[in-house]
Every structure is written in C-alpha cells, then in structure tokens.
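For ligands, and for the atoms within them, numbers begin at 1 and follow the listed sequence.
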Amino acid sequence: MNNEEHFKNVISHSKEYGFIFPSSEIYDGLSAVYDYGTYGVELKNNIRNYWWKAMVQLNENIVGLDSAIFMHPTIWKASGHVDAFNDPLIDNKDSKKRYRADVLIEEYLAKQADKIEKEVEKAKKRFGEKFDEPLYRSTNPRITEIQTTINNVYSRFKKGMEESDLADLRQIIVDCEIVCPISGTKNWTDVRQFNLMFSTSMGAMEESSNQLYLRPETAQGIFVNFLNVQKTTRMKIPFGIAQTGKAFRNEIVARQFIFRMREFEQMEMQFFVQPGTEIEWYESWKKKRLAWHHNLGFPQTKYRFKDHTKLAHYANAAADIEFEFPFGFKEIEGIHSRTDFDLKSHEKFSGKKLQYFDPELNSSYVPYVVETSIGLDRMVLAILSQSLTKETLEDGTTRDVMNIPHFLAPVKAAVLPLMKKDGLPEKALELFNKLKLHSFCQYDEKDSIGKRYRRQDAIGTPYAITIDHQTLEDNTVTIRDRDTMKQERINMDEVESIVMKKVDITEALKRL
Ligand code: ATP
C-alpha cells in the first residue's frame, strides 16, 4: 500500500471505527471541521492528559490555566494578529482554486529535494558497496544542478516571505513553472494577503465596537493572565504557564483531513525567563519536547527539527518539530523564542505594567518568553497514521490493527465471555467491574470470539481477556496481546495488576 492509499485508509478507518466524523455530515459536511467519535475522544483525552502531566505535573515550575475563548478585541491588535496574521494567497483562474503561495513554493522545493534522493537511491543500487554517497552528491551534474535550483529558489522565497514581497512570490511561482494540480495550468492571479481570524459580535448590537475574534491561538490568554497567575502561585522566574483549548483559523487551504482544520485544539506552554537567558531555555525546551514525542515509541526517524524560513514578528528563534505524515514531513509542534514582544505590547495597549520583580536581582523587568505549541489534532493524526497497520497473517488472511502506544489507547482492555451462557457473562462482568475503575475498558459478548478480537484490534485495545469454561473450574483466563496475538493463561486475580501496570501512563512518564 503506498502512502496515498494508506492515508485514505486512515480516513475511512477513522470514520468506520468511531474515531473521527466529518462535521454536520447529514448536511453534507462543513469544510475542515471534524467531530470526534467515541474512540477519537478517548484518544484525544489521553494525549491531552499525557501532555498535561508531562508539562504541569512533572515540572514544579509549570502551572495550569484555562482562559476564555472570547477576549477583549484589543488583545488581537496588541498581539499583531489584526495586522499581520495573514497568509499569502493565490488563485488559479482556470480551476478557480485558491492556494497558499508559500505552500505551493514549499511543495515545489520538496519535490526537487525528492528528485535528488531518487537519483541517490538509483546510484546506490547501481554501484553497490563501492558507492561513495557524499562524493556522488557533490559531483553528479544532475544532482548539483537540482541543488543549485533549490538554493536559488529557497533564498528568493525566504527574502520574499521576510519582506512580504507578494509580487516576487508570484514571480517565483511563474519562474518555477508551478502548475495548478487541478487544472494543470499556470494561469495565476496576483498574490494577496488574507487575514485568518474569524470574527463575531457580542451583545445585541452589531456595531463594529462589539466585534470580537475567535482566538487563533491560546497563547494570548496566558500573556494577559501572566501577573494573575504569577502572584497567586508565587512562582519565581523561570516558570511556565500551560493551557489547552480550542483555537480557530479561517485557513485558506483546508486539506489533509484533521491536519489543517478551521477549529482545532492547541496545547501551549509559555515559559517566562530572565532576558538574555532565552536561547538557552529555547534549546532546552527543544530537547525536552522532542523527548516527549520519542517517548511514544515510534521510529525516531519519523521526527525532525526544521528552523523557520521566516521568523514571526515576535520571535528571535523558532523551530518546528516535524513528523512524517503519510503526505510527508510536516509541522506537528512549534518551539518559539518570543522575546518580550507580547508582554511589552500588552503593557502598551492596556496601560498596565506586566513586570516581574526579581528578588535576586532586586529589580523589575518584562520577562522573555519561550513557547512550546502543539496541535492536539495533529497528534491524533500522527498516532492514527503511524499505528494503523494492515497485517497479513500466517493463514493468508489479513487484519487491521492499531498499534497505539498502550497508555494512549482509547480502550485499555476488553473482557469477553467465550459464550453468552453457563455463567460466563457473570464471571466476565465481575472482572470488568474491577477493571473499569482504573480506566476505560469494554465488556463485549456479541459475535464470535474471533470477530470480537478483530474489533478490538481495529480500535487499538492492547489486551483482550477471555473468560471460558476453564475459568469456572480454576479461576484462570486467557489474556491476548494485541500486537503479537499471543495468548497466555493467567489467574483472574492477577489480571488487574498485570494489565493496569502495562497500560498505565505512570510508566510512560517515568521514561521522560
Ligand atoms: P502551519 O504552518 O502548518 O499553518 P503554524 O506555524 O501556523 O502551522 P502555529 O501557529 O505555530 O502553527 O501553531 C502551533 C501548532 O498548532 C502547530 O504546530 C499545529 O500543530 C497546530 N495547528 C496550527 N494550525 C492548525 C490547523 N489549522 N489545524 C490543526 N492544527 C493546527
């Protein structure tokens, strides 16, 4: 199965097994908005919980917050979102489709880089053991030609983005002969800026003074509460404030399932530090956040750092953690050194001081901020696309299995009576009622045992425990492992401690 097929499979599997549904489906859906089903919501809660525990519970110097989605509209003026939260967009006149100009160019660059990798792969096969890859990369005329194109386009693109030179962004698209994937033509409009914030109004009157924005990030709620939190928790710098919650962006190109949504959830942490120490903290948070991702147990080659081409107006250093989704490496989390831009700007617009008195320095200052910002929905997509596997078994049949890390699995264990009679359901319910006190488990007595195993595999349940006639005789049950499909007989009294230890988040937190 190639990546495109795999991605399609992830989308259809998510719907069929109750992870993710298109929003308002019976009304033909609402573009780039999705609802989470029974298993999706469990998975999402578990990821959020993993983030919250890793950030707030494990760090004595990070505390939580839950600020409102509606905020005073001047906040978005101060943050720069009213004036600068724009994407450069371009339309193809033939297909009438709208694209982000920066994305078209980035995709072009990625395609060129791909061509180089293909050349290298071919040569590797051709030359075998004698192959000198660095030499080949630096001397092969075709490769050096592509590399020069990449370098030239990239530096023009970087300058165009930094200077918001919309005419040159268009010219790059023309010069690179980028075509619309739908119409196949190069008939492009000019590039324009488009603000991504949704607005609404508060109160009965629809006056412009009542205009509000749906927050495009959760971070500003943290900044405007900085002193409230610092004073009430008596935190000393360096310290962080974490929050999770919905954010809204009127994305121009909303594609790729839950990767780019118009309503999504962020998990953000702002870490307040003494000015001058921010780069040290930025590097340390980059490491910590990558370790959090690696701790899921997926191959480490699936993650990489990418420095930003264009630093946002507030940042003096920024990198993304990228994950290899079925459609390529894309941002899953951003780590930004935001300087004192936000707090200073809120001081200016609100007329209130947002300073910290440092008892060690015996002076007050506006702290610098290092931010970690991760999309919860992108985490769900990463886990679903990495976990879903179509396995061919020894007997030639196939099974769909979700190898979700145990501590994140929506259902931790399923308790299955072999038959619906002879007291087996009663015995199974006895066990189920104990397990459900720990975490979300399921009791299932419908269909054949084989079908029930497959159903649990498809939603990623790590353990299935079967109660049969032998259970009634010697109090033993079989426990089946999702990944290996191996079955073992153990005493029913041990199930609770064995299974719950294996699926418990504490073990994952210990590894951090
Ligand atoms: P992109 O470049 O993909 O648009 P971004 O750089 O604008 O993302 P940030 O503003 O840094 O994203 O937001 C932090 C995180 O929020 C991202 O790393 C991503 O995981 C998530 N995120 C941002 N926009 C969306 C969206 N439209 N849908 C889902 N998640 C999103």
Side-chain angles (χ1 to χ4, degrees), residues 20 23 30-36 40 44 47-48 51 76 79-81 84-89 99-107 109-110 157 161 194-198 214-222 242-270 282 285-286 289-290 292-293 303-315 317-325 327-338 341-342 369-385:
I20 297 161
S23 157
L30 184 65
S31 166
V33 186
Y34 290 89
D35 298 337
Y36 283 84
K44 207 168 145 190
I47 301 169
R48 193 192 297 105
W51 184 87
W76 303 110
S79 68
H81 284 82
F85 193 50
N86 300 318
D87 274 347
L89 67 85
Y99 299 91
R100 266 173 63 179
D102 56 330
V103 172
L104 284 180
I105 299 169
E106 274 175 359
E107 282 175 359
L109 287 169
F157 171 51
M161 290 297 283
F194 176 80
N195 193 286
L196 299 181
M197 280 197 294
F198 283 102
L214 296 188
R215 65 180 180 198
E217 61 176 27
T218 61
Q220 297 304 323
I222 296 182
Q243 89 162 324
T244 68
K246 286 279 174 105
F248 305 83
R249 296 183 186 177
N250 197 1
E251 299 280 2
I252 302 162
V253 189
R255 267 196 256 122
Q256 293 164 326
F257 194 35
I258 57 169
F259 179 81
R260 191 171 297 288
M261 301 157 92
R262 296 202 164 106
E263 172 181 342
F264 58 100
E265 191 164 338
Q266 289 187 315
M267 307 190 285
E268 297 198 299
M269 192 279 297
Q270 311 295 325
Y282 165 74
W285 276 110
K286 271 173 70 178
R289 292 305 306 150
L290 187 64
W292 183 90
H293 288 277
Y303 302 88
R304 70 180 188 197
F305 278 118
K306 186 180 171 212
D307 289 326
H308 278 203
T309 319
K310 179 195 176 188
L311 283 181
H313 55 278
Y314 51 73
D320 295 336
I321 296 178
E322 292 191 333
F323 179 77
E324 192 177 16
F325 290 96
F327 39 85
F329 272 100
K330 298 273 177 203
E331 169 176 353
I332 193 161
E333 171 157 9
I335 295 131
H336 312 127
S337 171
R338 290 181 81 124
F341 172 85
D342 302 270
V369 173
V370 174
E371 160 186 86
T372 71
S373 173
I374 172 171
L376 178 49
D377 311 270
R378 286 193 190 174
M379 275 303 297
V380 171
L381 182 57
I383 289 168
L384 292 179
S385 53

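Between I374 and ligand 1, a contact under 3.5 Å exists for no N or O pair.
Of the protein's heavy atoms, G375 CA, 3.6 Å lies nearest to atom 21 (C) of ligand 1. M261 N, 2.9 Å is the protein heavy atom nearest to atom 28 (N) of ligand 1. Regarding atom 29 (C) of ligand 1, its nearest protein heavy-atom neighbour is F259 O, 3.2 Å. Of the protein's heavy atoms, E331 OE2, 3.3 Å lies nearest to atom 11 (O) of ligand 1. Closest to atom 14 (C) of ligand 1 among all protein heavy atoms lies S373 OG, 2.9 Å. In terms of protein heavy-atom proximity, atom 19 (C) of ligand 1 is nearest to R378 NH1, 3.5 Å. Scanning all protein heavy atoms for the shortest distance to atom 10 (O) of ligand 1 gives R249 NH2, 2.9 Å. Counting protein heavy atoms only, atom 22 (N) of ligand 1 is closest to F264 CE1, 3.5 Å.
Considering CD of E268 and CD1 of I374, their distance stands at 10.5 Å, rounded to 0.5 Å.
In K330, neither the side chain nor the backbone holds a heavy atom less than 4.0 Å from any atom of ligand 1. Under 4.0 angstrom from ligand 1, there are no non-hydrogen atoms of E322. Counting heavy atoms closer than 4.0 Å to ligand 1, residue H336 contributes side-chain atoms (C-beta onward) but none from N, CA, C or O.
Looking at E251 and D87, their side chains come closer than 4.5 Å, going by heavy atoms from C-beta outward. Residues W76 and E217 are in side-chain contact: their nearest non-hydrogen atoms beyond the backbone lie under 4.5 Å apart. Side-chain contact between E331 and K306: absent, with no pair of heavy atoms (C-beta onward) separated by less than 4.5 Å. At a threshold of 4.5 Å between non-hydrogen side-chain atoms, the residues R378 and K330 do not count as touching. Annotation: side chain of I321 is in contact with side chain of F305 (closest heavy-atom distance under 4.5 Å). Side-chain contact between D342 and V369 is absent, with no heavy atoms from C-beta onward closer than 4.5 Å.
Heavy-atom contacts of R100 reach the following atoms of ligand 1: 4 (O) (cutoff under 4.0 Å). Every atom of ligand 1 with a heavy atom of E333 under 4.0 Å away is listed here by number and element: 18 (O).
The aromatic rings of F323 and F325 stand perpendicular to each other, their planes meeting at an angle above 60°, with 30° marking the opposite boundary.
Put simply, the side chain of Q243 never gets that close to the backbone of G221: no donor and acceptor are under 3.5 Å apart.
Put simply, part of I332 is less than 4.0 Å from ligand 1, judged by heavy atoms. Within the 4.0 Å heavy-atom shell around ligand 1 one does not find M267.
Here Y34 and Y36 keep their ring centres 6.0 angstrom or further from each other.
Counting only non-hydrogen atoms, the option in R260, Q266, E251 that gets closest to atom 1 (P) of ligand 1 is R260.
Checking E333 against H293 by side-chain atom types alone, a donor-acceptor pair falls below 3.5 Å.
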